[in-house]
Amino acid sequence: MRWSKTFIPTLKEDPADAEVVSHKLLVRAGFIRQLSRGIYDYLPLSLKVIRKIEAIVREEMDRAGAQELLLPIACPAELWQESGRWLVYGKELIRFKDRHERDFCLGPTHEEVITDLVRRIVRSYRELPLNLYQIQTKFRDEVRPRFGLMRGREFIMKDAYSFHVDVEDCRREYENMFQTYKRIFSRCGLQFRAVEADTGAIGGSRSHEFQVLAESGEDAIVSCNKCEYAANVQKAEIKARRPAGRDLNENSPKREKVSTPGKKSVAEVAEYLKLPAEKFIKTLVYRTDKNELVAALVRGDHEINEVKLQAALGCGEVALAGEAEVEAATQVSPGFLGPIGLTLRTVADLSIQGMRGAVAGANEPNAHYIEVDQERDFTPGAFADLRLAVAGDSCPRCDEGFLESYRGIEVGQVFYLGKKYSEPLGATYLDTEGRERPIEMGCYGIGISRLVAAAIEQNNDSNGIIWPFSIAPFHVLLLPINYRDQALQEAADRIYQQLQKRGVEVLLDDRDERPGVKFKDADLIGIPLRLTVGVKGLEKERVELRWRRDGKTDEIPLGDAAQTIHSIITQSLQA
RNA sequence: CGGGGCGUAGCGCAGCCUGGUAGCGCACACGCUUGGGGUGCGUGUGGUCACCGGUUCAAAUCCGGUCGCCCCGACCA
């Protein structure tokens, strides 16, 4: 394509409303423009990238035996009421009424729709297994859209759903998809990790996320430095370890109440009493979805993991109780809460078990206890793994490893759903003995538009984007220093035609711009190869080939240029 | 949902505190110049100062409201 005829509105300055590098560069390099909060126009360059990613996804999904279809984006409320998610999905599900006052929503995901389709058609085990996928726009009215394409409200997603006669076959497909995802992200040229994950709003019993490693990622993940274990911190298990505290006996220091005027947070009290945070017992009060107030105990230097808390309590959503609620229930402000004498139902993190000489709130204003011994002074209702994993924790799987932490951008997730949707929606089949049984399901998503942002987060420098070959909008940028110069123009046009004849995706910068402007724009939009045609080179019958990633430059003979580039691209795409 | 910030030309910003009828850089148009990393000079186009209401002789500026956008928090006890 010719640059002069392509819609590439580049900017000299960073847009004021962008924060992360992928957002800035996508806007500056003319890939996207914002229409509304979390909603973007995809300009020609970004659409090319999206089409590249989609092509890789289609190839690998089809190769894995899945079939593409396309489901509606508008969905009647009845289906969501049937699955129960109309009530539980919350405000993220954007709802509207049609002219007949019927409730609808825009699909944030399509388990209901696909399960409905399958239940109306599939009757026999002979029709299974099935793996159906689509690539389509989704809408989730996010609490806080941000970072450009990283967390939009409207976004492009590949979602696949598989249907099976039994657990075994469904597990086989889960593994099949897991391997397929590895191939997809590798082919996109990304550094990523597959990690164990929580199932969140989708539900199900087993899940892995595919995380593109990037400092700006919204997710914290941990992985073992010795074995293969890796997990989202929301999911990461903690290896229980009884603290090596003193034995309980009559010589143990007695629990003592100390004054801690106005010192509420662990940090404040620790500073005031000159004791380390790990000696503290933090008492957090949560309100459950059953409207019960419960107290959760974690060590002062740990952070609670609400997903684990939900599991330990056997309830749905939990939310930290407000200060007023806490005072109404306990007669003390949250800063001075402690487990001793607390009337609420209490669960404690495993690290609390057997704590000695600990510090905890005294359940009265401006006072804490010191020298608290867990068994002697209080016994929580239950112990459970409640805290977030942190770097340095022992690996829960192997004996010698320790956890390291990273940040990641979640670009894909696979779920083992089981009967979560097939049962409520009545998606069943008849087995070989004529018995009706619920279908076993899995689902598998890839955030296509987010992948574009993730690729840039991982591949950029101070001058702009550096596209991996496989998803670059063009393979080579042909840059005549001065397109008004007849000799240069003729040479550039000739190479352009030769490249096109060989099927090379080439962008010719035929604009009447200064060389500096063209170079800056070239770096900004990040095409992997740049072929510069200049006067001095032309005199020697040579052109300059430069790699965007490392700036490596070669002078190559003019006559061989197209052939050389063609073979470089062929090799790069195979790698 | 809570807190903070912003909204002035296509983009990035100043002006607002101390009210007097709008400015800078880039971009854009034209001319000359220049031609291997955002060339230089000149001339010019472009703004209901987000919107609604109020105060005032006079409002981009002060006051009230609305809308939009960005950031932080929602894991503090």
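Given the structure is predicted, the values throughout are model-derived calculations rather than measurements. Chain letters run A, B, ... following the sequence lines, proteins first, then strands; residues in each count from 1.
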Take atom [atom1] of [X] and atom [atom2] of [N], then tell me their distance rounded to the nearest Å.
X: A:L284; N: B:C75; atom1: CG; atom2: C1'; value: 8 Å
X: A:E539; N: B:G36; atom1: CD; atom2: P; value: 12 Å
X: A:R28; N: B:G38; atom1: CZ; atom2: P; value: 14 Å
X: A:R146; N: B:A74; atom1: CZ; atom2: C1'; value: 11 Å
X: A:I281; N: B:A77; atom1: CD1; atom2: C1'; value: 14 Å
X: A:K536; N: B:G36; atom1: NZ; atom2: P; value: 6 Å
X: A:N482; N: B:G37; atom1: CG; atom2: C1'; value: 15 Å
X: A:H368; N: B:A77; atom1: NE2; atom2: C1'; value: 8 Å

Among [options], the nucleotide that comes nearest once only the side chain of [X] is considered:
X: A:D521; options: B:G38, B:C71, B:G36; result: B:G38
X: A:V326; options: B:A77, B:C71, B:G38; result: B:A77
X: A:F147; options: B:G38, B:C70, B:C72; result: B:C72
X: A:L11; options: B:C69, B:C11, B:G36; result: B:C11
X: A:R530; options: B:G37, B:C71, B:A77; result: B:G37
X: A:R37; options: B:A27, B:C70, B:A77; result: B:C70
X: A:R514; options: B:C70, B:U34, B:G38; result: B:U34
X: A:R546; options: B:C69, B:G37, B:C75; result: B:G37
X: A:E513; options: B:G25, B:A77, B:C28; result: B:C28
X: A:K520; options: B:G36, B:C69, B:G37; result: B:G37

Determine the Euclidean distance between corresponding [atom1] atoms of [M] and [N]; express it in Å to zero decimal places.
N: B:U45; M: B:C30; atom1: P; answer: 15 Å
N: B:G38; M: B:C28; atom1: C1'; answer: 16 Å
N: B:A77; M: B:G4; atom1: C1'; answer: 23 Å
N: B:A14; M: B:A9; atom1: C1'; answer: 14 Å
N: B:C13; M: B:U8; atom1: P; answer: 10 Å
N: B:G20; M: B:G31; atom1: P; answer: 40 Å
N: B:C17; M: B:G7; atom1: P; answer: 14 Å
N: B:G64; M: B:U55; atom1: C1'; answer: 11 Å

With no hydrogens and no angle check, just 3.5 Å: does a side-chain donor-acceptor pair link [X] and [Y]?
X: A:S223; Y: A:R193; value: yes
X: A:Q413; Y: A:S207; value: yes
X: A:Y483; Y: A:D493; value: yes
X: A:Q234; Y: A:D198; value: no

Among A:L479, A:L508, A:L478, A:L477, whose side chain to side chain contact (heavy atoms under 4.5 Å, CB included) with A:W3 holds?
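Only one of A:L479, A:L508, A:L478, A:L477 forms a side chain to side chain contact (heavy atoms under 4.5 Å, CB included) with A:W3, namely A:L477.
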Within the pair [X] and [N], is there a side-chain N or O less than 4.0 Å away from OP1 or OP2?
X: A:K282; N: B:A77; value: yes
X: A:Q34; N: B:G68; value: no
X: A:K518; N: B:G37; value: no
X: A:S333; N: B:A77; value: no

Base partner of [N], which must satisfy Watson-Crick or wobble distances under 3.5 Å:
N: B:U39; value: none
N: B:C11; value: B:G25
N: B:U45; value: none
N: B:G2; value: B:C72
N: B:C62; value: B:G54

What nucleic acid atoms does [X] come within less than 4.0 Å of, heavy atoms only: base, sugar-phosphate, or nothing?
X: A:Q234; value: base
X: A:V143; value: base
X: A:A220; value: nothing
X: A:N363; value: nothing
X: A:D14; value: sugar-phosphate
X: A:R33; value: nothing

Mapping A:R153 and A:I304 to their closest nucleotides on RNA chain B, which lands nearer the 5' end?
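Closer to the 5' end of RNA chain B: A:R153.
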For A:T283 and for A:D512, find the nucleotide of RNA chain B with the closest heavy atom, then tell me which residue's nucleotide is more 5'.
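The 5'-side residue here is A:D512.
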Is the A:F31 ring parallel, tilted or perpendicular to the A:W467 ring (thresholds 30°, 60°)?
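Because their plane-to-plane angle lies in the 30° to 60° range, the rings of A:F31 and A:W467 count as tilted.
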Quiz question: going by heavy-atom distance under 3.5 Å, is there a donor-acceptor pair between the base of B:G3 and the side chain of A:R144?
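Under the 3.5 Å cut-off, the side chain and the base do not form any donor-acceptor pair.
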Output the distance between atom CD (A:E306) and atom CG (A:L386), rounded to the nearest 0.5 Å.
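Separation between the atoms: 11.0 Å.
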